[in-house]
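Quick notes on the structure that follows.
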Amino acid sequence: EKLLVMIDPGHGGEDPGASGQMGTHEKDIVLSIAGKLNDLIAQDDEIDARMTHRSDFFVPLGERVNLAQKAGAKLFVSIHAGGINLQGVERSVQNVLVDMSNTWKINYSLALGHSVLQEIGKLNDLHKSQVEQAGFAVLKGQGIPSILVETAFISNPGEEQKLRNDDYQLSMAKGILAGIKRQVRKDKTVIQG
């Protein structure tokens with residue numbers, strides 16, 4: 001049985017997320033990266049994926065998590081491209097940060113976050129001091145190990161330029177997938193969980 005990952009493109013619809021100097025909206029970039037990740041996983045023999053939304057509309061955070069639970073997802077991966085550290089993460093996300101009773105799930109989410117970061121860090125010179133704050137957050141996945149991945153900072157003109165590039169988006173998607181797979185192989189209990 002394949003492990004189901006729920007991919008959540010951040011923002012959407014009337015909530016554009018952060019915007020760059022060239023007018024790029026975070027919601028468009030992350031939807032594109034999420035779609036590429038979804039396509040890559042479609043060819044994978046170990047994991048399966050679904051998306052919380054495939055087109056540009058707003059889904060409240062609680063609903064995103066409900067979709068993951070209903071689908072029986074074992075991991076919830078929310079993709080962002082903000083340029084904010086967690087102090088600045090929109091309130092709705094702040095409210096759901098780290099509120100899991102199960103330490104295993106928190107630890108798994110942290111390990112998964114680090115694993116994904118190591119992969120995407122190869123593409124980005126992730127501002128090392130900010131990795132801990134902005135690289136990923138553990139979300140309250142209501143029993144599902146959940147992370148928020150900051151792919152790059154749209155507020156930084158150099159990174160905005162890269163984020164607009166199709167190959168770069170694909171590399172990001174591949175990096176996220178590699179991180180997920182490395183963690184899943186390391187810890188098979190997530191599949192039995």
Set of residues satisfying side-chain hydrogen bond (donor to acceptor under 3.5 Å, both in side chains) with respect to [X], sequence neighbours excluded:
| X | value |
| --- | --- |
| Gln118 | Arg182 |
| Arg50 | none |
| Arg54 | none |
| Asp39 | none |

Between the main-chain N or O of [Y] and the side-chain N or O of [X], is there a donor-acceptor pair closer than 3.5 Å?
| X | Y | value |
| --- | --- | --- |
| Ser171 | Asp167 | yes |
| Lys27 | Asp15 | no |
| Glu159 | Phe153 | yes |
| Glu26 | His11 | no |
| Glu119 | Gly175 | no |
| Asp8 | Val77 | no |
| Ser155 | Gly20 | no |

Listed by chain and number, what are the ring-ring contact (aromatic ring centres under 6.0 Å, His included) partners of His53, not counting sequence neighbours? Phe57
Quick one: are Lys2 and Ile47 in side-chain contact, heavy atoms under 4.5 Å? no
Quick one, Arg185 and Glu46 - any side-chain contact, counting heavy atoms below 4.5 Å? yes
Identify the heavy atoms of Asn38 and Ala49 that sit nearest to each other, and give their distance. OD1-CB, 3.5 Å
Rounded to the nearest 0.5 Å, how far does [atom2] of [Y] lie from [atom1] of [X]?
| X | Y | atom1 | atom2 | value |
| --- | --- | --- | --- | --- |
| Met51 | Ile79 | CE | CD1 | 8.0 Å |
| Leu3 | Ile180 | CG | CD1 | 8.5 Å |
| Thr24 | Arg164 | OG1 | CZ | 4.0 Å |
| Met22 | Gln161 | CE | CD | 4.5 Å |
| Glu14 | Phe58 | CD | CZ | 6.5 Å |

With hydrophobic residues grouped by side-chain heavy-atom distances under 4.5 Å, do Ile147 and Leu4 end up in a single group? no
Can you confirm whether Lys174 is buried at NZ, in the sense that more than 12 heavy atoms of other residues, nucleotides or ligands lie under 6.0 Å from that atom? no
Could you list the residues that satisfy salt bridge (Lys or Arg N to Asp or Glu O under 4.0 Å) with Lys36, not counting sequence neighbours? Asp166
